[in-house]
Amino acid sequence: MKPVTELTSVEADKELETLAREIAEHDRRYHGEDAPTISDAAYDALRQRNAAIEARFPLLVRADSPSHRVGAKASEKFAKVLHAKPMLSLDNAFADEDVTDFVARIRRFLGLNDEAELAFTCEPKIDGLSASLRYENGVFVQGATRGDGSEGEDITANLRTVKDIPLRLHGTPPKILEVRGEVYMTHTDFFALNQRQEAAGDKPFANPRNSAAGSVRQLDPSITAARPLHFFAYAWGEVSEQPAASQWEMLQAFKRFGFVVNPLIRRCLTAEEILAFYREIGSARASLPYDIDGVVYKVDDLELQSRLGFVSRSPRWAIAHKFPAEQAETVVEAIDIQVGRTGKLTPVAKLTPVTVGGVVVSNATLHNQDEIARKDVRVGDSVVVQRAGDVIPQIVRVILDKRPSKSTPYEFPTICPVCGSHAVREVDEKTGKQDVDVRCTGGLICPAQAVERLRHFVSRNAFDIEGMGEKNIQAFYDDGLIKEPADIFRLGKDHAEAIRNREGWGEQSATKLFDAIDRRREIGLDRFINALGIRHVGETTAKLLARHFHSLDAFTAAMKAETAIADLVAVEGIGDIVAEAIQDFFAEPHNIAALERLRAEVTVQNVAAPISSGSPVAGKTVVFTGTLEKMTRHEAKARAEALGAKVASSVSKKTDILIAGPGAGSKLAEAQKHGVQVLDEDAWLALIA
Ligand code: IVH
């Protein structure tokens, strides 16, 4: 095999295609059929070669590249594990009374008199995800998630990477031992992971529990290995010989076998002692390095546990005493507006920093305009904030007694704070109600939306610029090479040097990109309109508009006129919402300016009025199949449609003509079955000439 450094771009292109196909096939055999035909090492080598070629030729990265697919579709791909003993859940207690009731209930059930001792093992309730670890002859053989309690997912490979999970037990463990406990992530590790996620452009996790769960369910164990996970052992499933007679002693045995047991556990004898434990752990909660959401009380004696048994899915011998959501009081210093990738304006309260359950909180989401109005949150208000497991805290309520006398209700902006375009709230056509979200209309120029818009602009059904993938768009945008669509067409003129000198780029790849861009300087009106990314205007609506207005001049002139809405709704297939969104777009001077700059770079082809009557194919349903040699499939479709034909994607009785190129397969057979007229490309061109 040629070293990657010696590949020409043509060879690289070819090899990437082969690799994509091969790797997809191995994935299918491995995950779909559980029957791989190559070793893991050989498979890894294929992926590495693919990654190395892509690193050297970033422009050649394919849409179906295997590198886009790491860890995807995880849930379908883990094997199922039937738990030897079900993994149960716990009943909850919230008030002290629930706990005294719990103790009294157990004493009654067991018929204990007032003097009889009843011990409980009390443990913090770790907020992670539970896992079951199976050991045979002291060796870790299988690890599973809880799943629905009866059946979980096999995550053995991932759990092997967790340092608190011994791969081989110490001492003299039972021959078969299933240890159960909680996989969790510490606060520090969680925040550091989220920082890395954000730096890499990935979505941050909402809380340590989600990040632990997400890490454990990675398809690629090397990703799990890079995530700092921990494990506390607190329960068990199948055990061949019971190593101890009480919960407490079992946990001590787990320690001897090499597990980590939570150091805060305590044996208590009365409801009072139990409640004292609850309060102690409650005050320690904020300073613990991991999340807990309560404490768990378990009857200590295993004999008694088995006498008590279960009620449906929870043991009668244990209960979880939950902590209330953590709250604190602070002041709203400002209300900021964040603009998302799709133009949605989200209000965020900037708070005087306050510690809520051990985490410093300085922002709280206010969700939307209605939410602010409902809670009447104002700048200067004292508020109660709450962290209910999630990292993004919420404002529970305003403390009205503390409201400054001069405060005024918050006014939601009607201008996008990022780009200055106007921001609007849509009305739902069916319900007549206003949408909850306010959106910026400055689609083409708003920096908050720019990358998303540019990505859409170059996508397949818009300008279809080869080599302008998401990665390049983001990188060029970050480096200030492109800000709006017109900039793409000026890259070759304004930034040719800068691009040639970028890492992973060179003369050849830069020229290839500029050529690809130049090839798209002429474009059909429908694609052009679709590319603008006007809200609610996709491929289909763009086509309707193009066919109706015929030229970009006619379209823009109509949109600037006062009769715009009336003109739009007169188009078959366009309703009020779409019409308003289009009008909003053209009412924004920033958009018009960006549109003009784009027009200076490209030529937009007019759409000829359909020659419906005179055309031999008007009203006919046609299907293309096989390879077309004289034009692209897209062009063929557009021409057929312009002549009044309907282009369908599959053959049926209703099909009038099948245009079959080389390589035609099942559609051709189908057409012959239905007696549909079949033409080759030349015959078709002659027919419509
Ligand atoms: S005992 C049969 N102990 O809480 C009892 N569970 O609400 C099995 N949890 O699914 C559970 N810390 O994920 C137990 N010290 C602890 C726990 C604990 C956290 C979780 C566990 C379980 C859930 C039940």
Side-chain angles (χ1 to χ4, degrees), residues 83-94 98-99 102 106 120-133 143-153 155 159 162 164-165 178-186 207-213 216-217 229-239 242 246-255 259-268 274 277-278 280-282 284-285 288-302 304-323 389:
H83 296 301
K85 291 233 167 109
M87 289 182 79
L88 302 158
S89 56
L90 294 172
D91 248 359
N92 289 326
F94 296 96
D98 300 339
V99 178
F102 164 72
I106 288 176
F120 292 89
T121 292
C122 304
E123 309 169 7
K125 186 170 185 296
I126 316 299
D127 199 6
L129 78 150
S130 49
S132 186
L133 318 172
T145 60
R146 178 174 183 274
D148 62 3
S150 317
E151 189 178 63
E153 286 176 327
I155 48 165
L159 290 180
V162 177
D164 291 346
I165 295 181
E178 283 182 4
V179 171
R180 290 172 178 175
E182 206 81 354
V183 179
Y184 68 96
M185 195 178 279
T186 65
N207 53 44
R209 174 173 25 87
N210 284 358
S211 66
V216 137
R217 299 183 71 260
L229 294 170
H230 295 271
F231 182 82
F232 278 131
Y234 54 65
W236 57 93
E238 188 181 349
V239 178
Q242 201 70 33
S246 72
Q247 171 75 19
W248 182 267
E249 291 303 330
M250 281 298 278
L251 296 184
Q252 304 313 313
F254 285 172
K255 280 200 247 177
F259 291 98
V260 184
V261 170
N262 191 285
L264 301 172
I265 60 169
R266 182 182 302 166
R267 243 172 132 249
C268 295
I274 287 177
F277 175 79
Y278 174 77
E280 264 178 57
I281 299 291
R285 183 184 185 190
L288 291 179
Y290 46 83
D291 274 350
I292 61 173
D293 56 348
V295 292
V296 184
Y297 314 130
K298 301 174 182 172
V299 168
D300 195 37
D301 187 321
L302 301 188
L304 298 184
Q305 280 193 8
S306 70
R307 272 176 65 195
L308 284 156
F310 302 87
V311 203
S312 72
R313 317 273 309 149
S314 344
R316 212 181 258 118
W317 44 265
I319 200 161
H321 192 180
K322 302 291 276 279
F323 291 131

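Along the sequence shown, residues are numbered consecutively beginning with 1. Numbering of ligands and ligand atoms starts at 1, following listing order.
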With heavy atoms only and a cut-off of under 4.0 Å, state how Leu90 meets ligand 1: side chain, backbone, both or neither. both
Quick one: look up the protein heavy atom nearest atom 8 (C) of ligand 1 and list residue, atom name and how far away it is. Leu88 O, 4.1 Å
Quick check against the 3.5 Å criterion: does Tyr234 have a side-chain atom that pairs as donor or acceptor with the backbone of Leu251? no
Between Trp317 and ligand 1, does any nitrogen or oxygen pair lie at a separation below 3.5 Å? no
Ignoring hydrogens, what is the shortest heavy-atom contact between Ala318 and Leu90? Give both atom names and the distance. CB-CD2, 3.8 Å
Would you check whether Ile126 has a nitrogen or oxygen atom less than 3.5 angstrom from a nitrogen or oxygen atom of ligand 1? yes
Contact summary for Phe232 and Val261, nearest pair of heavy atoms: CD2-C, 3.9 Å
By number and element, which atoms of ligand 1 are closer than 4.0 Å to a non-hydrogen atom of Pro124? 12 (N), 15 (N)
Out of Lys85, Lys298, Glu182, Met87, who gets a non-hydrogen atom closest to atom 3 (N) of ligand 1? Lys298
Strictly distance-based, threshold 3.5 Å: is any side-chain N or O of Thr121 a donor or acceptor partner for the main-chain N or O of Lys298? no
Where ligand 1 meets Glu123 - atom numbers and elements under 4.0 angstrom, heavy-atom basis: 3 (N), 15 (N), 16 (C)
Among all the protein's non-hydrogen atoms, which is closest to atom 10 (O) of ligand 1, and how far away is it? Ser130 OG, 3.8 Å
For atom 14 (C) of ligand 1, what's the nearest protein heavy-atom neighbour? Residue, atom name and distance, please. Tyr234 CE1, 3.2 Å
Pro315, portion touching ligand 1 at heavy-atom distance under 4.0 Å: side chain
State, to 0.1 Å, how close Met250 and Leu302 come at their nearest heavy-atom pair, and which atoms those are. CG-CD1, 4.0 Å
List the steps, then state whether side chain to side chain contact (heavy atoms under 4.5 Å, CB included) holds for Arg307 with Asp301. CA-CA 10 Å; Arg307 272 176 65 195; Asp301 187 321; over 6 Å; no
I'd like to check the side chain to side chain donor-acceptor pair (under 3.5 Å) partners of Ser130; sequence neighbours left out, ordered by chain and number. none
For atom 7 (O) of ligand 1, what is the closest protein heavy atom, and at what distance to 0.1 Å? Lys125 CE, 3.4 Å
side-chain contact (heavy atoms from CB on, under 4.5 Å), paired with Phe323, selected from Asp127, Asp293, Ile292: Ile292
